Amino acid sequence: MTAHDPARPEARPISLHQQILSEIQGHILSGRWPPGHRIPFEHELTAQFGCSRMTVNKVLTQLAAAGLIERRRKVGSFVRQPHSQSAVLEIPEIRTEVEALGLPYRFALLARRRRRSTQADRAALGLDAPAPVLALTVRHDAGPRPFCLEERLVHLAAVPEAEAQDFADEPPGTWLVRHVPWTAAEHRIRARAADADIAAAMACAPGAACLVVERRTWSAGRPVTVVRLTYPGEAHELVARFAPSHGPGPGVGREA
């Protein structure tokens, strides 16, 4: 008989609830069950795991509260489309947005080109004269699906060290925030229909609705970068929280 060593506690057994939860989460986060996939009915899961219907119901309720599935009365439960939100008045890191959804993040550098600025580049960056720029295209993924397409211009006269970066291990947005302090930013938000290039990069149908956030940043009055971030329209929203710029007027926020 082997003596029990109190310094090496035995692993606690995994509850049936946690086992069912982990298995379903694994199917969803791995992409094996894509958005829209119907989760087995409660009675099917009950038979599969040999448990009570109450246990299955608690698992599905927990998954719905986490935003991973959608429960439809008399129809069943379905994997939800990942739904994210960004703060309008902040510069969020895309990795943080993805990981907040409980999904694994990765990115792919699709294009990188140093060039002399075109007239359109100068208009976008607000430059008065030709200057070298770095044009970058990056796709950010949430789990198995494209999450955002980043099309960015970097003003190399303002950020010369960016030219030596290959952005293989760190996306350009993250690198810029960490290495170039910005003092002002401008957001423009609009809708657009996916053209052939966007549709191919984002694995969506041509003409699909997309949400586009265009951002320019400056450092001490000098243009640093302009970026266009394109998100699938049905899976993203922008949120702003703000307060009145002046104190409450007469009768506002006061007790009689």
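Predicted, not measured: the structure shown is a model, and the values here were computed from it. Every heavy atom of this structure was used, including side-chain atoms; hydrogens, water molecules and symmetry mates were not.
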With a 4.5 Å cut-off on side-chain heavy atoms, are [Y] and [X] touching?
| X | Y | answer |
| --- | --- | --- |
| Asp195 | Pro206 | no |
| Val59 | Leu45 | no |
| Glu150 | Leu136 | no |
| Arg80 | Pro35 | no |
| Thr225 | Leu176 | yes |
| Arg106 | Val98 | no |
| Val212 | Arg228 | yes |
| Leu127 | His155 | yes |

Could you see if [X] belongs to whatever hydrophobic cluster contains [Y]? Use Ile, Leu, Val, Met, Phe, Trp, Tyr and a side-chain cutoff under 4.5 Å.
| X | Y | value |
| --- | --- | --- |
| Phe167 | Leu229 | yes |
| Val154 | Trp218 | no |
| Leu134 | Phe107 | yes |
| Leu103 | Phe147 | yes |
| Leu109 | Leu156 | yes |

request  = Could you give me the CA-CA distance, side-chain angles and deciding distance for Gln19 and Leu16, then say whether side chain to side chain contact (heavy atoms under 4.5 Å, CB included) is met?
outcome  = CA-CA 5 Å; Gln19 179 185 338; Leu16 191 55; 3.7 Å; yes
What closest approach, in Å, do [X] and [Y] show between heavy atoms, and which atom pair accounts for it?
| X | Y | result |
| --- | --- | --- |
| Met202 | Pro232 | CE-CD, 3.7 Å |
| Ala158 | Val224 | CB-CA, 4.5 Å |
| Pro146 | Arg139 | CB-CD, 3.9 Å |
| Cys210 | Ile198 | SG-CG2, 4.2 Å |

ask   = Within a reach of under 6.0 Å around CD of Glu161, are more than 12 heavy atoms found that belong to other residues, nucleotides or ligands?
value = yes
task = Check Arg115, Arg114, Arg113 against Asp121 for a salt bridge (Lys or Arg N to Asp or Glu O under 4.0 Å) and give me the one that passes.
result = Arg115
What distance do [X] atom [atom1] and [Y] atom [atom2] have between them, rounded to the nearest 0.5 Å?
| X | Y | atom1 | atom2 | value |
| --- | --- | --- | --- | --- |
| Arg145 | Cys204 | CZ | SG | 9.5 Å |
| Glu70 | Leu60 | CD | CG | 13.0 Å |
| Gln62 | Leu68 | CD | CG | 10.0 Å |
| Gln18 | Gln25 | CD | CD | 7.0 Å |
| Arg38 | Ile69 | CZ | CD1 | 12.0 Å |
| Arg53 | Phe41 | CZ | CZ | 10.0 Å |

query = Glu93 and Thr174: side-chain donor and acceptor closer than 3.5 Å?
reply = yes
inquiry  = I'd like to know if the side chain of His140 pairs up with that of Glu97 as donor and acceptor (distance under 3.5 Å, no hydrogens or angles considered).
reply    = no
request  = For the pair Leu149 and Leu110, evaluate side chain to side chain contact (heavy atoms under 4.5 Å, CB included) and give the outcome as yes or no after the intermediate values.
outcome  = CA-CA 10 Å; Leu149 185 68; Leu110 304 182; 4.0 Å; yes
Spell out, as yes or no, whether a donor-acceptor pair under 3.5 Å connects the side chain of [X] to the backbone of [Y].
| X | Y | answer |
| --- | --- | --- |
| Thr55 | Cys51 | no |
| Ser117 | Ala131 | yes |
| Asp141 | Pro144 | no |

Criterion side chain to side chain contact (heavy atoms under 4.5 Å, CB included) on Glu151 and Thr230, from CA distance to verdict = CA-CA 8 Å; Glu151 299 168 280; Thr230 302; 4.2 Å; yes
Cationic N near anionic O, under 4.0 Å, Arg190 to Glu214 = yes
inquiry  = Determine whether Glu23 and Ile20 satisfy the following criterion, side chain to side chain contact (heavy atoms under 4.5 Å, CB included), listing intermediate values before the conclusion.
reply    = CA-CA 5 Å; Glu23 183 163 325; Ile20 300 170; 5.9 Å; no
message = Tell me which one of Ile39, Leu63, Asn57 satisfies side chain to side chain contact (heavy atoms under 4.5 Å, CB included) with Arg71.
response = Asn57
request  = Flag this pair as yes if the NZ/CZ of Arg72 is under 6.0 angstrom from the six-membered ring centre of Phe78 and inside a 45 degree cone about the axis; otherwise no.
outcome  = yes
inquiry  = Show me the pairs that pass salt bridge (Lys or Arg N to Asp or Glu O under 4.0 Å) and involve residues 168-188, at least two apart or across chains.
reply    = Glu170-Arg178, Glu186-Arg188, Glu186-Arg216
ask   = Would you call the rings of Trp33 and His27 parallel, tilted or perpendicular if under 30° counts as parallel and over 60° as perpendicular?
value = tilted
